[in-house]
Amino acid sequence: MTQAALEIEGLRHAYRPGVPALDGVSLRAAGGAVTVLLGPNGAGKSTLFALATGLLRPTAGTVRVHGHDLTREPGKALARMGVVFQQPTLDLDLTVTQNLRYFAALHGIPRAEADRRIDGELERLALSDRRGEKIRALNGGHRRRVEIARALLHRPALLLLDEPTVGLDIPARRGLIAHVHALCAQDGIAVLWATHLIDEIDPATDSVVVLHRGTVRASGTVAAVNAQTGGASIADSFDRLTARPAIPNAAPNADGAAA
Ligand SMILES: Nc1ncnc2c1ncn2[C@@H]1O[C@H](COP(=O)(O)OP(=O)(O)OP(=O)(O)O)[C@@H](O)[C@H]1O
């Protein structure tokens, strides 16, 4: 099997002894595609992100980023990874450019090169005209885009996004989803996108990993997951895999439109 940008094997973590939040999770995220980590509240998505970024140490299992083991070669593994956490981490009283320059400096990117990269990322995220504004003045969708621009400045091979659309309205959500898919296609980076929202999956292109109560219940393309469950759609498969009772004839809504 060829090397994927992210390879997780047998990952386990328990916050309390005997109560695993993750219990032997394995998954891969390949370059040029979005892998959607789909799970309901409490499935273990944020725990997986904390382990994949080295914030928590697993009780068992491995995380490899472009072949670099996160425990044994944390510097090399983290250098290839960009992260957007669920909770925004921009400095509200700095401008867009100041936030991005600060992050570039932390990565040791020289100022002139940092400014070139900042210009490029802001342009493709349609934010060039906001560069001099304080983060406080931006709406939620634009703040998220700044976080994505920041996560890409050191040219990672892997981008981790933990529920990046939380709090955004529907047009902002759609815009963010489209931007991230375009980044994948343009740069060939791998994206792991955690969500509980089925309508954030592009059934034509995305891979899906369904996580429930700390274990992977199914994975693969949408067609493969539906074949595994016998579901008529990914929404149906998700209900079957997470044992949520299906609501007959329910109208699709913003949180779970059938794909
Ligand atoms: N710091 C913590 N201490 C103890 N238990 C925790 C902690 N963080 C998470 N948990 C528990 O671990 C399990 C997985 O939680 P986690 O936050 O990883 O799930 P999630 O899929 O990200 O959920 P959500 O969609 O609600 O963010 C849950 O049972 C949760 O209560």
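Just so you know, these numbers use all the heavy atoms, side chains as well, and skip hydrogens, waters and symmetry mates. The chain is numbered in sequence order, starting from 1.
- For Arg117 and Glu121, the salt-bridge test fails: no basic side-chain N is under 4.0 Å from an acidic carboxylate O.
- Between Asp169 and Arg173 there is no salt bridge, since none of the side-chain N atoms of the basic residue sits less than 4.0 Å from a carboxylate O of the acidic one.
- In terms of hydrophobic clustering, with Ile, Leu, Val, Met, Phe, Trp and Tyr side chains grouped at heavy-atom distances under 4.5 Å, Leu160 and Leu51 are assigned to a common cluster.
- A donor-acceptor pair under 3.5 Å is absent between the side-chain atoms of Asp69 and the main chain of Arg64, judged by distance alone.
- A distance of 10.0 Å separates CD in Gln87 from CD in Glu163, rounded to the nearest 0.5 Å.
- Linking Ile, Leu, Val, Met, Phe, Trp and Tyr residues whenever their side-chain heavy atoms come within less than 4.5 Å leaves Leu100 and Val83 in two separate clusters.
- In this structure the side chain of Val34 never reaches within 4.5 angstrom of the side chain of Asp202, judged on heavy atoms.
- Proximity of Asp91 to Ile135: side-chain heavy atoms (C-beta onward) are nowhere separated by under 4.5 Å.
- Residues Val191 and Val63 do not share a hydrophobic cluster, clusters being chains of Ile/Leu/Val/Met/Phe/Trp/Tyr side chains in contact below 4.5 Å.
- Few gaps surround CD on Glu73; more than 12 heavy atoms of other groups in view lie less than 6.0 Å from it.
- Summarising the geometry of Ser46 relative to Asp162, their closest heavy-atom pair is OG-OD2, 3.0 Å, with the distance given to 0.1 Å.
- Judged by distance alone, the side chain of Thr221 and the main-chain N or O of Ser207 form no donor-acceptor pair under 3.5 Å.
- Checking Thr229, Val208, Val210 one by one against Ser237, the side-chain contact (heavy atoms from CB on, under 4.5 Å) holds for a single residue, Thr229.
- Residues Ser26 and Glu9 share a closest heavy-atom pair of OG-CA, 3.5 Å.
- Linking Ile, Leu, Val, Met, Phe, Trp and Tyr residues whenever their side-chain heavy atoms come within less than 4.5 Å leaves Leu168 and Val166 in two separate clusters.
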Q.
Under the criterion side chain to side chain contact (heavy atoms under 4.5 Å, CB included), I'd like the reasoning laid out for Val36 against Glu200: C-alpha separation, chi angles, the key distance, then a yes or no.
A. CA-CA 8 Å; Val36 178; Glu200 294 189 350; 5.9 Å; no
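- Between Thr95 and Gly132, the shortest heavy-atom distance links the atoms CG2-O, 3.3 Å.
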Q | side chain to side chain contact (heavy atoms under 4.5 Å, CB included) between Thr165 and Trp193, intermediate numbers included | A | CA-CA 10 Å; Thr165 62; Trp193 176 295; 3.7 Å; yes
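- Under the 4.0 Å criterion applied to side-chain N and carboxylate O atoms, Arg155 and Asp187 are not assigned as salt-bridge partners.
- Counting heavy atoms from C-beta on, the side chains of Phe49 and Leu37 come closer than 4.5 Å.
- Considering CZ of Arg136 and CZ of Arg143, their distance stands at 7.5 Å, rounded to 0.5 Å.
- Contact of the His66 side chain with the Leu158 side chain is not registered, since no non-hydrogen atoms from C-beta on lie closer than 4.5 Å.
- Of the possible donor and acceptor atoms, one in the side chain of Glu147 sits under 3.5 Å from a partner among the backbone N and O of Thr89.
- Residues Ala29 and Ala4 come closest through the heavy atom pair O-CB, 3.5 Å.
- Remark: Leu161 CG to Arg144 CZ distance equals 8.5 Å, nearest 0.5 Å.
- Heavy atoms only, all atoms of each residue included: His196 and Leu38 are closest at C-CD1, 4.0 Å.
- By the 4.5 Å heavy-atom criterion applied to side chains, Gln186 and Arg124 are counted as neighbours.
- Side-chain atoms of Asp23 and Thr215 include no donor-acceptor pair closer than 3.5 Å.
- The NE2 atom of His154 sits 8.5 Å away from atom CG of Leu78, with the distance rounded to the nearest 0.5 Å.
- Aromatic ring orientation, His107 versus Phe103: tilted (interplanar angle from 30° to 60°).
- Arg217 places none of its side-chain heavy atoms less than 4.5 Å from the side chain of Thr242.
- Rounding to the nearest 0.5 Å places CZ of Arg213 at 12.0 Å from CG of Leu211.
- Residues Arg12 and Thr59 are in side-chain contact: their nearest non-hydrogen atoms beyond the backbone lie under 4.5 Å apart.
- If you chain together hydrophobic residues whose side chains sit under 4.5 Å apart, Leu6 and Met81 fall into the same group.
- Looking at heavy atoms from C-beta onward, Thr35 lies out of side-chain contact with Asp206 at the 4.5 angstrom threshold.
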Q | Full working for side chain to side chain contact (heavy atoms under 4.5 Å, CB included) between Asp115 and Arg101 | A | CA-CA 7 Å; Asp115 282 351; Arg101 278 184 178 155; 2.9 Å; yes
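- To the nearest 0.5 angstrom, Ile8 atom CD1 is 8.5 Å from Thr62 atom OG1.
- For Ala218 against Leu241, the heavy-atom pair with the smallest separation is CB-CD1, 3.7 Å.
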Q: List the steps and the verdict of side chain to side chain contact (heavy atoms under 4.5 Å, CB included) for Val65 and Arg80.
A: CA-CA 7 Å; Val65 182; Arg80 308 304 308 275; 3.8 Å; yes
